[in-house]
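What follows is a set of notes on a single structure, which appears directly below.
No experiment lies behind these values; they were computed from the predicted model shown. Letters A, B, ... mirror the listed sequences (proteins, then strands); counts begin at 1.
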There are 4 protein chains.
Amino acid sequence: MTADPETRLRADARRNRDQILAAARAIFADHGPDVPMEEIARAAAVGVGTLYRRFPDRESLIREIARENFDRMLSQARAAADEEPTAWAALVRILRHSHELQLSIQLAMLSPMAHAVLQNDPKTEEFRTGLLRTIDEVVRAGQAEGSLRTDIDTGDVAILAAMLLRRVPKGRFTAIADLATDRCTAIMLDGLRAGVGTALPGRPLTADDIEPPGRTTPR
Amino acid sequence: MTADPETRLRADARRNRDQILAAARAIFADHGPDVPMEEIARAAAVGVGTLYRRFPDRESLIREIARENFDRMLSQARAAADEEPTAWAALVRILRHSHELQLSIQLAMLSPMAHAVLQNDPKTEEFRTGLLRTIDEVVRAGQAEGSLRTDIDTGDVAILAAMLLRRVPKGRFTAIADLATDRCTAIMLDGLRAGVGTALPGRPLTADDIEPPGRTTPR
Amino acid sequence: MTADPETRLRADARRNRDQILAAARAIFADHGPDVPMEEIARAAAVGVGTLYRRFPDRESLIREIARENFDRMLSQARAAADEEPTAWAALVRILRHSHELQLSIQLAMLSPMAHAVLQNDPKTEEFRTGLLRTIDEVVRAGQAEGSLRTDIDTGDVAILAAMLLRRVPKGRFTAIADLATDRCTAIMLDGLRAGVGTALPGRPLTADDIEPPGRTTPR
Amino acid sequence: MTADPETRLRADARRNRDQILAAARAIFADHGPDVPMEEIARAAAVGVGTLYRRFPDRESLIREIARENFDRMLSQARAAADEEPTAWAALVRILRHSHELQLSIQLAMLSPMAHAVLQNDPKTEEFRTGLLRTIDEVVRAGQAEGSLRTDIDTGDVAILAAMLLRRVPKGRFTAIADLATDRCTAIMLDGLRAGVGTALPGRPLTADDIEPPGRTTPR
DNA sequence: TATGAATGAGGATTCATTCAT
DNA sequence: GATGAATGAATCCTCATTCAT
C-alpha cells in the first residue's frame with residue numbers, strides 16, 4: 001500500500017514535482033494545456049526526463065493540475081456557502097473567486113484536450129458533482145430568499161460562469177483583462193438578480209443538463 | 001481586369017472552392033483554426049493539393065473565412081442599427097445573430113492563431129472598426145433613450161459579447177448548446193438594462209480599450 | 001513512318017513547341033534542368049498541359065534540348081576542324097564557342113539529372129562520339145604540327161573544357177562572368193601549348209577514358 | 001561560460017554529431033547540399049530527429065560544414081604561404097590541396113543554396129577574406145620572383161581554381177576523377193607560369209572582382 | 001534519480017503528372 | 001489541341017515519448 005504520491009518522495013524529488021506543477025499551472029492558465037512538454041520542463045527548470053518520471057504522460061499532468069485546482073475550488077465554494085450570511089452573498093463570493101475558477105473552467109469545460117483527458121476521471125467527477133451540488137444549494141436558497149431570479153436553475157448559473165470566466169487569450173486585452181472580467185461578472189450578477197428580467201427563452205437549465213446522469217464512456 | 005477571385009473560376013474549381021470554404025467554416029467554428037489541413041481537405045472531399053492551390057497556406061484560408069464572415073456580420077449589424085425602431089431592439093438583434101457572431105468572435109478575438117494572421121490585415125481592420133462604430137452608435141442611442149445602463153460603454157458590450165459567444169467546444173453540451181447561448185445572452189441583456197444594476201467596478205470600457213488607437217505593430 | 005516530330009505540326013502547335021524549347025533552353029542554361037515544370041510552362045507562356053502534351057515528361061524535354069544543342073555543337077566543331085588553317089586555330093575556335101559549349105557541357109557532363117536522362121540515349125551517344133572524334137583529330141593534328149603539348153590526349157582536353165566551361169551559378173559574378181570565362185579559357189590554352197609545360201602526373205587521358213567502350217546500361 | 005559546442009557533449013551525442021558531420025561532408029562534396037535530410041541522417045545512421053536536434057535546420061548544418069572546412073582550408077593556405085621556399089611552390093601546394101579545396105569551393109562559390117546560406121555569415125566572410133588575402137600575397141610574391149605571369153591577378157587565380165576544382169558529379173568519371181583533377185591542375189599551373197602566355201583578353205581580375213567591397217546585402 | 005539524447009510518427013507544403021473542361 | 005485544376009507522393013520540420021548515461 002503506497003501512500004499519496006505527494007507523500008513518499010525524497011526532498012529533492014518533491015521539490016521537482018512542485019516546480020513542475022507550478023510551471024504547468026502557470027502555463028496552462030495562460031496558454032491552455034497544449035504546449036510542448038519541453039517548454040513545461042524548461043519553465044520548471046528540470047529535464048524532460050524528470051517531468052516524465054513524475055507524470056508518465058501529458059494526460060496525467062493535466063489530471064493532477066485539475067485535481068489540485070478542483071479541490072481548492074470546491075472547498076472555497078463550500079466555505080462561501082457555509083459562511084456567507086445570505087445566499088446571494090455566497091453566489092457573489094463564489095463567482096468572484098475568478099482566478100481559481102478560471103483555471104477550473106479552462107480545464108473542466110474548455111480545452112478540448114483537457115476535456116478528453118478528464119472524461120471519466122473519478123476525481124473530476126467528484127469535483128464536478130460537489131461543485132454543482134454546492135451551487136444548487138446556493139441557487140435554491142437565493143431563490144427562496146428572493147434575491148435570485150426564479151426562471152433559472154443551477155445549469156444556467158454554471159454555464160454562464162463558464163462562459164464568462166474563460167480566459168481571454170493573453171496578448172490581447174492584457175491591460176484590461178482583469179477589469180473586464182470583474183465588470184462582466186458584475187453585469188452577469190445584475191442579470192441574475194430577481195425581479196429585473198424579461199422572460200427567458202426555453203426552460204431553466206438544471207445541473208443534470210450539464211452532467212447528464214449516465215453520460216459516460218466515450219470510445 | 002480580373003473580377004473577384006470567386007468569379008472567374010471554372011465551374012468545377014468553383015464548386016471545390018466553395019466546398020473548401022464551407023468545410024473550413026464549419027470546422028473553424030467548432031474547433032478553431034488549428035486543425036490539420038488534411039482534415040479540412042477531407043471534409044471538403046478534395047485532395048490537399050487542391051486545398052493548397054486555392055489557398056496557398058493556412059493563413060490565407062483563415063483570412064478568407066474571416067473576410068466573408070466579417071462582411072456578413074458587419075452588414076447585419078448595420079441593418080439592425082438602421083432598421084430597428086429602438087436602439088435596444090437593435091442591440092438585441094445584433095447580439096442574437098449568434099451564429100455569425102460566434103465565428104466572428106472566434107476569429108477576431110479568440111483564436112491566437114487567427115489573431116496572429118489577421119493582425120494588420122486591412123479588411124479585418126475595416127471590419128473591426130466598422131463593427132465597433134456601429135455598436136458605439138447603438139450604445140449611445142440606447143443610453144440616450146434610457147434603455148441601456150449608463151455606467152457601461154462600447155468596450156464592455158463588445159467584451160461581454162465576446163465572452164458569451166465563444167463556442168463551447170463540441171462534444172460537451174451539444175444538446176443544449178444553442179439554448180444555453182440564447183439564455184445567457186438574454187441574461188446578459190437583462191444585466192445591461194438601465195436602472196437595474198448595482199455599481200460596477202472600475203470605469204466604463206470604451207471602444208478604444210479594445211482597439212487602442214495606434215496599436216498595429218505585430219510581434 | 002511518321003516524319004520528324006518537328007515537321008508534322010499545326011502552325012500554332014509548332015509555335016508552342018518552339019516557345020517551350022526556347023524557354024527551357026534559357027532556364028536550363030542558367031539554373032540547370034531541375035526547375036519546376038510550371039515555371040518552364042510559364043516562361044513559355046503556355047499551360048503545363050501543353051508542355052506535357054509536347055514532352056511527356058521532364059526527361060524527354062531535357063533530351064530534346066540536348067539533341068538540338070549537340071547537333072549545333074557538333075557541326076560547329078566540324079566546321080572549325082575543316083576550315084581553320086592550323087589545328088591549333090581549330091582547337092581555339094572550338095573551345096571558344098563557349099555559349100553553345102557551355103550548355104552542351106551542362107547537359108552532357110554536369111547536371112546529375114541530365115546525365116541520368118541522357119545515359120544510353122542513342123542521339124547523345126552519337127554526339128559524344130562525333131565530338132570526341134573531332135577533338136581527337138584536332139589534337140593529333142596539333143601535336144603533329146608541334147603546337148600542342150604531347151603529354152596530353154583527347155580526354156585531357158575534353159575534361160579540361162568541361163571543367164572550365166561550366167556556368168558559374170547566376171547571381172554571383174554575373175558582372176564578370178563572361179570575361180572570367182574568356183580569360184580562363186585563354187590561360188588553359190596557354191597551358192596546353194607545346195613546350196611550356198612541366199611533367200604532368202599519371203598518363204595522358206584518352207577519349208576512351210571518358211567514354212569507355214562498352215560501358216552502357218546502368219541498373 | 002560553455003565551451004565549443006563540439007566540446008561539452010555526452011560521449012554518445014558527440015559520436016553522433018561527428019557521424020552526421022562526416023556523412024554530410026561526404027554527401028555535400030559529391031552531390032552538393034540539397035539532398036534530403038533523411039538521406040543524410042541515414043548515412044549517419046541516426047534518426048532525423050537526432051539530426052535536427054544537432055542542427056536545427058539544413059542551413060545550420062551547411063554553415064557548420066562550411067566553417068570546419070574553411071578553417072582547415074585557411075590554415076593550410078597560410079601554412080603553405082609561410083613554409084614554402086618560393087611563392088610558386090606555395091601556390092602549387094595551395095591549389096593541390098584539392099579535396100579540402102574542392103569542398104570549400106562547392107560551398108563558398110558554387111552551390112546556390114550554400115551561397116544563400118553563407119551570405120553574411122561572419123565566419124564565412126572571415127574565411128573568404130583571409131583566403132583571398134593569402135592568395136593575394138602569394139600572387140604578388142610570385143610575380144615579384146618572376147615565376148607567375150604578370151597579366152593576371154588574384155581574382156583570376158581564384159576563379160580558375162573554382163572552375164577546375166568543382167567536383168564532377170559522381171557516377172561519371174569516378175575511375176579517373178582524381179587523376180583528371182591533378183592533371184588539369186597541373187595544366188592550369190603551366191598556363192599561369194610566367195613567360196609562356198599569349199595576351200589575355202580584358203584586364204586582370206582582382207580580389208575585389210570576386211568580393212566587391214561593400215556587397216553584403218542579400219535580396 | 002536526473003538528465004538530455006534519440007527516435008519516429010505526424011503535420012505542412014511543394015511539385016510532377018494526370019485529367020476534366 | 002489547350003488549359004489549368006486535381007491528385008498524391010515526397011520532403012521538411014516538430015514534438016511526444018523512450019532510453020542510455
Side-chain angles (χ1 to χ4, degrees), chain A residues 9-17 34-42 44-59 61, chain B residues 8-17 20 34-41 44-59 61, chain C residues 9-17 34-42 45-59 61, chain D residues 8-17 20 34-41 44-59:
Chain A
L9 279 177
R10 255 169 44 189
D12 56 344
R14 184 60 199 277
R15 192 171 352 98
N16 280 341
R17 196 189 136 89
D34 43 5
V35 288
M37 295 295 266
E38 297 240 15
E39 192 175 320
I40 299 173
R42 205 174 323 120
V46 297
V48 246
T50 306
L51 173 47
Y52 274 92
R53 164 174 288 275
R54 284 304 146 229
F55 303 95
D57 53 20
R58 179 193 298 282
E59 304 207 351
L61 176 59
Chain B
R8 304 291 175 190
L9 277 178
R10 241 166 53 185
D12 57 344
R14 182 62 199 278
R15 192 170 350 99
N16 279 336
R17 185 176 200 276
I20 291 170
D34 43 4
V35 287
M37 293 295 263
E38 297 238 16
E39 191 175 320
I40 299 173
V46 297
V48 244
T50 304
L51 174 47
Y52 275 94
R53 164 179 281 271
R54 279 313 143 222
F55 303 96
D57 52 20
R58 181 193 298 282
E59 304 207 350
L61 177 58
Chain C
L9 280 176
R10 255 170 43 190
D12 56 344
R14 183 60 199 278
R15 191 168 355 95
N16 280 341
R17 195 188 135 89
D34 44 4
V35 288
M37 294 296 266
E38 297 240 14
E39 191 174 320
I40 298 172
R42 205 175 322 120
V46 298
V48 245
T50 306
L51 174 46
Y52 273 92
R53 164 173 288 274
R54 284 306 147 226
F55 303 95
D57 52 21
R58 180 193 298 281
E59 304 207 350
L61 177 58
Chain D
R8 303 293 174 191
L9 276 179
R10 240 165 56 185
D12 56 345
R14 181 64 198 278
R15 193 170 349 99
N16 279 337
R17 186 178 200 275
I20 291 170
D34 43 4
V35 287
M37 293 295 264
E38 299 237 15
E39 191 176 320
I40 298 174
V46 298
V48 244
T50 304
L51 174 46
Y52 275 96
R53 163 178 281 272
R54 277 317 142 218
F55 304 95
D57 52 19
R58 181 193 298 283
E59 304 208 349

Can you measure D:R14 atom CZ to E:dG4 atom P for me and round it to whole angstrom units?
18 Å
Is atom CD of D:E39 surrounded by more than 12 heavy atoms (other residues, nucleotides or ligands) closer than 6.0 Å?
yes
Tell me if a side-chain donor or acceptor on C:R17 pairs with a main-chain N or O of C:F55 at a distance below 3.5 Å.
no
Ranking C:V48 and D:V48 by the position along DNA chain E of their nearest nucleotide, the one closer to 5' is D:V48
Separation between CG of B:L51 and CD1 of B:I20, rounded to the nearest 0.5 Å:
5.0 Å
Whole-Å distance, C:D34 CG to E:dT14 P, equals 17 Å
Are side-chain heavy atoms of D:N16 and D:R54 found at a separation under 4.5 Å?
no
E:dC15 C1' sits how many Å from B:Y52 OH, rounded?
14 Å
With a 3.5 angstrom cut-off on both distances, give the Watson-Crick or G-U wobble partner of F:dT11, or none if there isn't one.
E:dA12
Starting from P on E:dT3, measure out to CG on D:D12 and report it in whole angstrom.
17 Å
Need the pair for E:dA20. Rule: Watson-Crick or G-U wobble, both distances under 3.5 Å, any strand; none if unpaired.
F:dT3
Nearest-nucleotide wise, let me know which of B:T50 and C:T50 is further upstream toward the 5' end of DNA chain F.
C:T50
Between P on F:dT17 and CZ on D:R53, what's the gap in Å once rounded to a whole number?
16 Å
How long is the line joining CD of A:E39 and C1' of F:dT17, in whole Å?
17 Å
Write down the atom of C:M37, the atom of C:D57, and the distance for their closest heavy-atom approach.
CE-C, 4.2 Å
Separation of atom CE in A:M37 from atom P in E:dA6, rounded to whole Å:
20 Å
On DNA chain E, compare the nucleotides closest to D:N16 and C:R58; which residue's is nearer the 5' end?
D:N16
For DNA chain F, whose closest nucleotide is more 5', that of B:L51 or that of D:E38?
B:L51
Length of the line joining B:R54:CZ and E:dT14:C1', which is rounded to integer Å
16 Å
